[in-house]
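To keep things clear, I will list the structure first and then write my remarks on it.
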Protein chains: 2
Amino acid sequence: METTTPPRPGLREMKKRRTHDELLRAAVHLFTSQGYERTTVDEIAEAVDVSQRTFFRYFAGKEEAALALEGITVGRFVEGVRARPAHEAPMEALRQAVLEGWSSLSEAIESIASVEQYLRMYRVIESTPVLLAAHLRRSAETEEAIARVLAEREGLDMDADPRPRLAVAVFGAVMRVTERQWITGEDYSLEGMRELTSRYLDQVGPALLGGWRTGT
Amino acid sequence: METTTPPRPGLREMKKRRTHDELLRAAVHLFTSQGYERTTVDEIAEAVDVSQRTFFRYFAGKEEAALALEGITVGRFVEGVRARPAHEAPMEALRQAVLEGWSSLSEAIESIASVEQYLRMYRVIESTPVLLAAHLRRSAETEEAIARVLAEREGLDMDADPRPRLAVAVFGAVMRVTERQWITGEDYSLEGMRELTSRYLDQVGPALLGGWRTGT
DNA sequence: GAGGCTAATGACAGCCACTGACAGTTGACA
DNA sequence: TGTCAACTGTCAGTGGCTGTCATTAGCCTC
């Protein structure tokens, strides 16, 4: 009984995971180096030596492969919100979960890509209309999931009270503005992203109050 | 000089407009009656007795035809914001422009469809993933345009001050939540939409403050 | 460790959205 | 009325995506 494998991954599972990761890596590499539109599914499949049909068995479509990396971090974010202490106010819980997410981004995706590749893929998404569209739709789904988490935390009925959805929608809106700013700017460091996120969240109140001309 | 036509529409222009409108009408009719995915471009073209190629000369794609009706009202909304008196605070200007938009919806689309068809088309968009994605992307573009209008009104530099984008993003978020609620609910009247819009906008402040458990 | 079961894959055919190229038709305008 | 340019139809082709079916290859049992 030396070096046992308790949960028994199984050779089949291993291979499947390997194929999936290789396809994803190849897709990210091709998308970031030559663009999303100029990359065909056949190309990705060929890079991993599988048939095009197999690609579609691992990913629902080309889009899904392009958004899979981001999907990993989004999933972690949702879990992060769920794990926040119950005494935190909703917006504060969201804020902390996002900041933690940025901090642990590197470990979350290391089996697939580097942080730099993640950022480059993000740029591709933001600059490719069809990908941006899909990204926004998925963000909407994520917001719905998080609204459920908040409603549960606060013991509210989401169908009767719009505040959970409103708070999450506002938060999501700020995140989108932040992401855009972050891509447009020069600072690609995770610390820079954390700082920008905090700053913009603090500006929501002032932005809603009007009287912009007298402020800053 | 009896019954002159000053700007001279021209027979060609007339025919073009006619083809465009007929294609749009046919598309809306087919999408709302049998669904977006189950409608092919050939079907739409055939309903108007033009070739598939011609359809693509009038619409960049199937999606554009599905979103064109909504696009008319969105364009009017942007103009509405631009036309609001300069003394209004940003959020107030947005609110008034939207409410006015609902009120004049009927006249805006009458050459193409009825209000009921507009609502049904909206449901199709909301329930078809690819259309919802495209819709959200276009909304993002609209928000950018409106942020520019607000920044100009207030004499701000959008690249230095995030408040115009933040305010518009928050407003857009509320609108999306409202639209969803409105589609889920039973009340399809324009008056009901106006009322819901007002109510949700009033809730943004409370939603951000937390302490949900003590309030209503 | 041979054979059966089943999941994973490849190969093939086909649908549909969309595009480029070219030729035919029809308003516009001198 | 004839010329020009815009509009359209036809055809061929690309690429994303799906259904089907035969083949391969882990897995499990006896």
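Residue numbers begin at 1 in each chain, while the letters A, B, ... track the order of the sequences.
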In this structure, how many angstroms lie between the [atom2] atom of [N] and the [atom1] atom of [X], rounded?
X	N	atom1	atom2	answer
L23(A)	dT9(C)	CG	C1'	12 Å
D49(B)	dT8(D)	CG	P	13 Å
R18(B)	dG27(C)	CZ	P	12 Å
H20(B)	dC7(D)	NE2	C1'	15 Å
E13(B)	dT26(C)	CD	C1'	14 Å
E46(A)	dG15(D)	CD	C1'	15 Å

### Summary
Closest to the 5' end of DNA chain D, once R57(A) and R12(A) are matched to their nearest nucleotides, is R57(A)
### Task
Not counting sequence neighbours, which residues clear salt bridge (charged side-chain N to carboxylate O under 4.0 Å, His left out) with E154(B)? List them please.
R213(A)
### Residues that D21(B) engages under salt bridge (charged side-chain N to carboxylate O under 4.0 Å, His left out), provided they are two or more places apart
R17(B)
In chain order, what residues pass the side chain to side chain donor-acceptor pair (under 3.5 Å) check against [X], with sequence neighbours excluded?
X	value
Q34(B)	T39(B), E43(B)
E100(B)	R84(B)
T73(B)	Y118(B)
Y36(A)	none

### Task
Using salt bridge (charged side-chain N to carboxylate O under 4.0 Å, His left out) as the criterion, point out the one residue from R165(A), R176(A), R148(A) that pairs with E143(A).
R176(A)
### Query
Going by the salt bridge (charged side-chain N to carboxylate O under 4.0 Å, His left out) test, which pairs reach into residues 69-79 of chain B, not counting sequence neighbours?
E79(B)-R82(B)
### Message
Under 4.0 Å from OP1 or OP2 of dT9(C): is there any side-chain N or O of Y58(A) that close?
### Response
yes
### Query
Taking OP1 and OP2 of dA7(C), is either one under 4.0 Å from a side-chain nitrogen or oxygen of K16(A)?
no
### Task
Please list, chain by chain and in numerical order, all residues satisfying side chain to side chain contact (heavy atoms under 4.5 Å, CB included) with S139(B), sequence neighbours excluded.
H135(B)
### Query
What residues form a side chain to side chain contact (heavy atoms under 4.5 Å, CB included) with S114(B), not counting sequence neighbours?
E116(B), Q117(B)
Between the protein and nucleotides 12-19 of chain C, list the N/O to N/O atom pairs that are separated by less than 3.5 angstrom.
{"unit_1": "dA17(C)", "atom_1": "OP1", "unit_2": "T39(B)", "atom_2": "O", "d": "3.4"}
{"unit_1": "dA17(C)", "atom_1": "OP1", "unit_2": "K62(B)", "atom_2": "NZ", "d": "3.1"}
{"unit_1": "dA17(C)", "atom_1": "OP2", "unit_2": "V41(B)", "atom_2": "N", "d": "3.3"}
{"unit_1": "dC18(C)", "atom_1": "OP2", "unit_2": "K62(B)", "atom_2": "N", "d": "2.7"}

### End-to-end axis angle, where each axis spans five pairs of the helix from dG1(C)-dC30(D) to dA30(C)-dT1(D), to 10°
10°
### Query
Heavy atom of residues 123-134 of chain A under 4.0 Å from DNA chain D: which residues?
none
